[in-house]
Every structure is written in structure tokens, then in C-alpha cells.
2 protein chains.
Amino acid sequence: MDGETGRRSGKTGRQEQIIADLRLYPAMRVGELADRLGVSAETIRRDLAELDERGLINRTYGGAMRPVVYEPGLAEREGLMIAERQRIAATAAGEIAHNDILMIGGGATTLHFAHRIAAVQQPLTVITHAFSIAMALSVNPLIKILMLPGQYDGREGLIHGADTIDALQHFRANTAVLGASGLTVEGPNDAAVGPGLIYGAMMRRAARTLVLADHSKFDRPSLTVYGPWSSLVTLISDAAPQGDLADAIASCGAAVSLA
Amino acid sequence: MDGETGRRSGKTGRQEQIIADLRLYPAMRVGELADRLGVSAETIRRDLAELDERGLINRTYGGAMRPVVYEPGLAEREGLMIAERQRIAATAAGEIAHNDILMIGGGATTLHFAHRIAAVQQPLTVITHAFSIAMALSVNPLIKILMLPGQYDGREGLIHGADTIDALQHFRANTAVLGASGLTVEGPNDAAVGPGLIYGAMMRRAARTLVLADHSKFDRPSLTVYGPWSSLVTLISDAAPQGDLADAIASCGAAVSLA
DNA sequence: ATTTATATGTTGGGATACAGTCATAAAAAG
DNA sequence: CTTTTTATGACTGTATCCCAACATATAAAT
């Protein structure tokens, strides 16, 4: 058998080269690659099929492109909740006042929120760890955008790490605006530890927190609970939670606002 | 005439929809788009050609992909020095060794450099204030990317300010890799004060500095001189400086490396 | 040495993309 | 209302892609 003997033939090396090329150019065609690597187009196609399978590239008609890292939640965008998220974002935007200091976490819903507040002519200060949020807000010169330091994770488009948490301790905000991968009786959840720690820290440094989540997140546990329900939290959603989740939220004094 | 009357027909709206779709899916085929939008494939092709022209999408064989753009200095990249910059970036990349700690400044040339080193399989740590650099490097998981804190400037895609300078004092690097708007006898220049201060701080915190600049920058004064020529500086360019500039560089002990 | 598995090239058929040209409908300009 | 511009669809010939089947050469396994 084989079992990873390295480059038994030119195959492994060639596939590595394809990936390297794709780092340099965002998309390449089959013919190009065949020429560059001196093999037939069919061989390239087979390589691409394999690499695509492993998620190392994205196949396109006629060639391949660099894999998309940077999707705000590859899994998340699937749900067609776009309209719901827009409404949630609009409702949340209504909660923001002139000269507020905000902390905004990453995610698809908070990005919608950022687009909303960027469209309003009001001075704000925003502290964030998400590239997408900063880029969305930067169209409005009235908004002062402070980026947190830390290690950049290209897959999520976010910064996180100990430096990030540390830097947050130097700030205070009126409002933290956070998304969630799931909502459980213990509190809002996130699918990754690093970002979760940041959301928790943001909650503690803000006078109040808005949690933006559509109803598909109800009772959906994710990796980590980043913070508790409390009287400082307002959940903004498109439907009211039911059962245990509703009880937990109410008994902790958290508010629910429907979009 | 027309002159931006909005959607005289479905064209504008349809093109916006294409861009929106492309935000959701990184690549789409002509046929898909034609179906989704209920127009003929020819119309889609014309739309794509137009959007590609304007840089809003990237055309691929059989469809279109999300633009990888995000080039800082839309104005700057216009200059046809792309080939020169590529060579300069390649030469600079050859100076980098395994496990180096780099500080990389913003700019078109340093972005080329970032793409180069991202294509090499070697572990590195990179400290930067430029979104484009971080995003370019993030395709390579061997590279640890540390973002500096500070205020985000969306026009340049960079972070700067007092916090940024302050954070730099906590780091040390082997090499600073910096671009320049101009080179004068006093040293490399930059067109903005904020970034210039950062480049100066990076120089002081790095054991050596590579200045990447094509020959069009020679003797071109810009707003601020961000650092002096010294024996710790290597200028990497596509041509040798002449006259006073060459004398100044040589007398300070700085090296010149031709790409 | 023989067998087996893997990697690659070649070929052919069917589908798709592309560029150019022409025709038509709708909108803007006069 | 007529003319002109713009947007779009339809058609055609050529180039490209994709997939499947087959052939071959090399490397591993027995």
C-alpha cells in the first residue's frame, strides 16, 4: 500500500505546487496548470478533483480557485435567515444613540447590524475584533473604529487571543453587540473558544449587551457558553423563545425584543 | 443620455444582485446566474464583462468570482510598475528565513511581498497594521499573524494611532519590511503622518529594515520622512539610485539590492 | 517473476462557453 | 412624434471543458 510515503511519484509535489500557485493567483485554469506543470489536462483535473474533495481548493468550471476562507460562517450562511437577520439588525440599530461607544463581535448578524449603523449619520466609537465589521463601518467617517490587537484567524476573519482580551480591559463601552451560534438556558453560545472568550470579555466591559440571534438558534447548544443571561442583556430576535429557554431568560432579568 | 438615472431598466439592479450573490457564494457560473435572474446567458456575460471592467468582480472562464481585491491605494496600483514590484517583492522574499519575525507595513509593494512569502512553506511570525497584508498571509497556516491595535482607516485599509505605536514597543522583530511613497537623501518618505510614525517605530524595533521601492520613487519627496538611512537598512529596488540619493544611501552605510 | 495497484496519457462524445453579428423592444432625446 | 441610444435576445461557428472508457507505464506487493 501507500499510506503517505511522500512523493512516490510527481503527484504529491504537483498538488502542492497547485496550492502554492493558487496562493499567488486567486484562480487558475486547467490549461494553464497543465502547461506550467508539464502534464496533461486530465491529470490536472484529477488533481483538482482530489484537492477539492479535501477542501484545499475550490473547483470552478475550467479550473480552480483559492479556497474561500473568510466566509462569515460557512455553516451559518446556509440558513436562509437573511430577511430575519436584517430585521433583527435594524431593531438593534434603533437601540443605538449618538456618541455611543460600542463593542461589536464578529458574525453574519452583527455584520448586518454594522451595515445598518454605518448608514446613519451619527458619531459613534466602535471597538471590534472583526475585519468585516471594521470594513463595513469605514464607509462612514463619523464612526471611529478601534481595532483590537491579537492573532488574526483568516478562516473567521477575526482577531483573538490573550492580547485581545487584555486590551479589552482598557476599554469601557455603553453597549456590546454580539451574535451567537446558539442560545441555551445557560446563556448565548459560540462555536469557537477564542472568539467566545472575547465575547465574554466584551459583555463584562459594556454597560449592557445586545445579543442578536434568529429563532433557529434557540435551544441549540454550541461549543462554549460565552456569558450568562442577566438584567444587562437584551436578546433581539425574530420570535419569542419558548419553554425552558424563555424561563431562564426571564428569571435572570434579561429582556427580549422582537424584530 | 443616461448619467446615473438609476435602474432605467433591470440592468443596475441585476448587476447589484450579481454582486450580492457573489458575496454569498464565492464563485458563480454564467448559467446559474442566468437562471436565477431570468435573463439570457448573453446578458449575464455582458454584465460580467462590465463589472469586471470596473473591478467589482473577477471574471473566470464560465462565470465570475468574488474580487480578491482590496488593494490598498487604488490610486497607487495604477502606476504600471506591477512587474517591477513583483520582482522587488520576490527579491525581498528571498531574504526571509524560517521562523523569522517580521514587521510588515502597508502598501502595494509590501502586499506583493506578502503574497510571495505566503506561497512558501515556512513558519513565520508577522506583525502588521494592514488588513490586506493579514488577509494575504492568512492563506498559509504556518504563518502566525499578529495584528496591531489602533484606529482603523478604511481609505488605506490600515490601523494607526498612539495605541499602535505603543503596542509596537512590546515587540521585537528580525526584519521590518516597508514600502515608501518617495525616497530622498534624508530617508524613505510616506504620504501620511499616521502610517509614517508606525513605519518609523517598526524600523526601531527591528534588527534590520528592508525598504521596497521601485525607481519611480527616487528623489520624490513626500509628506514625512519616516526614518533615516543607516547600516541597518537595505533598499530593494529595480534600479540603482543615482547622484545625491546614491551618495546619501552609501554614506550612511545602507545597502542597495537590485531585483 | 508475476500480480496488483497507482498514475498518467489518449481519445471520443456531449455539453458549455465565447465572440461576433443581427434583430427587436424599450427608453431617452430631440 | 420621430430619431437615437441602450438593453436584450437569438443565432452561429469555434474553442474549451468535462466525463468515461481504454491503454500503458511505473511502482509496490506477493
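In the text below, chain A, chain B and the rest are named by the order of the sequence lines, each starting its count at 1. Side chains are part of it too, since the values below use all heavy atoms of this structure and drop only hydrogens, waters and symmetry mates.
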Subject >> Nearest-angstrom distance from the residue atom CD of B/Q15 to P of D/dT8 >> reply: 8 Å
Original post:
Within a radius of less than 6.0 Å around CD of B/E53, do more than 12 heavy atoms belonging to other residues, nucleotides or ligands occur?
Top reply: no
Original post:
Can you check the A/D47 CG to C/dT8 P distance for me, whole Å?
Top reply: 7 Å
Subject >> Between P of D/dC19 and CZ of A/R45, the distance in whole Å >> reply: 8 Å
Original post:
At under 4.0 Å, does any side-chain N or O of A/R59 touch on OP1 or OP2 of D/dC18?
Top reply: yes
**OP:** Name the residue closer to the 5' end of DNA chain D, choosing between B/T43 and A/A41 according to the nucleotide with the nearest heavy atom.
**Re:** B/T43
Original post:
Using the ring of each side chain (for Trp, its six-membered ring), is A/Y152 parallel, tilted or perpendicular to A/F131, with breaks at 30° and 60°?
Top reply: parallel
**OP:** For the pair A/S181 (side chain) and A/A191 (backbone), establish whether a donor and an acceptor sit closer than 3.5 Å, ignoring hydrogens and angles.
**Re:** yes
Original post:
Where is the tightest heavy-atom contact between B/I104 and B/H129, given as atom of each residue plus distance?
Top reply: O-CD2, 4.0 Å
**OP:** Give me the residues of residues 28-38 of chain A where at least one heavy atom lies under 4.0 Å from an atom of DNA chain C, by number, or none.
**Re:** none
Original post:
Are any of B/R14's side-chain N or O atoms less than 4.0 Å away from OP1 or OP2 of D/dT8?
Top reply: yes
**OP:** List the atom of B/Q121, the atom of B/H98, and the distance in Å for their closest heavy-atom pair.
**Re:** O-NE2, 4.1 Å
Original post:
For the helix from C/dA1-D/dT30 to C/dG30-D/dC1, what angle lies between the axis at the first five pairs and the axis at the last five pairs, to 10 degrees?
Top reply: 30°
Original post:
Between B/G63 and B/R46, which has a closest nucleotide on DNA chain C that is more 5'?
Top reply: B/G63
Original post:
Are the side chain of B/D35 and the backbone of B/E32 linked by a donor-acceptor contact shorter than 3.5 Å?
Top reply: no
**OP:** Compare side-chain N and O positions of A/S40 against OP1 and OP2 of C/dG9 and report whether any pair is under 4.0 Å apart.
**Re:** yes
Original post:
Below 3.5 Å, does any donor atom in the side chain of B/E42 face an acceptor in the base of C/dC18, or the other way round?
Top reply: no
Original post:
Can you check the B/Y61 OH to C/dC18 C1' distance for me, whole Å?
Top reply: 6 Å
Subject >> Donor-acceptor side-chain pairing of A/T184 and A/N189 below 3.5 angstrom >> reply: yes
**OP:** Rounded to the nearest angstrom, tell me the gap between atom CG in B/D52 and atom P in C/dA17.
**Re:** 17 Å
Original post:
Hey, are the side chains of B/I57 and B/M65 touching, using non-hydrogen atoms and a 4.5 Å cut-off?
Top reply: no
**OP:** Apply the side-chain contact (heavy atoms from CB on, under 4.5 Å) test between A/L137 and each candidate in A/L142, A/V126, A/T128, A/L124; give the one that qualifies.
**Re:** A/V126
Original post:
Among the nucleotides C/dG9, C/dA17, D/dG9, which one has an atom lying closest to any side-chain atom of A/V39?
Top reply: C/dG9
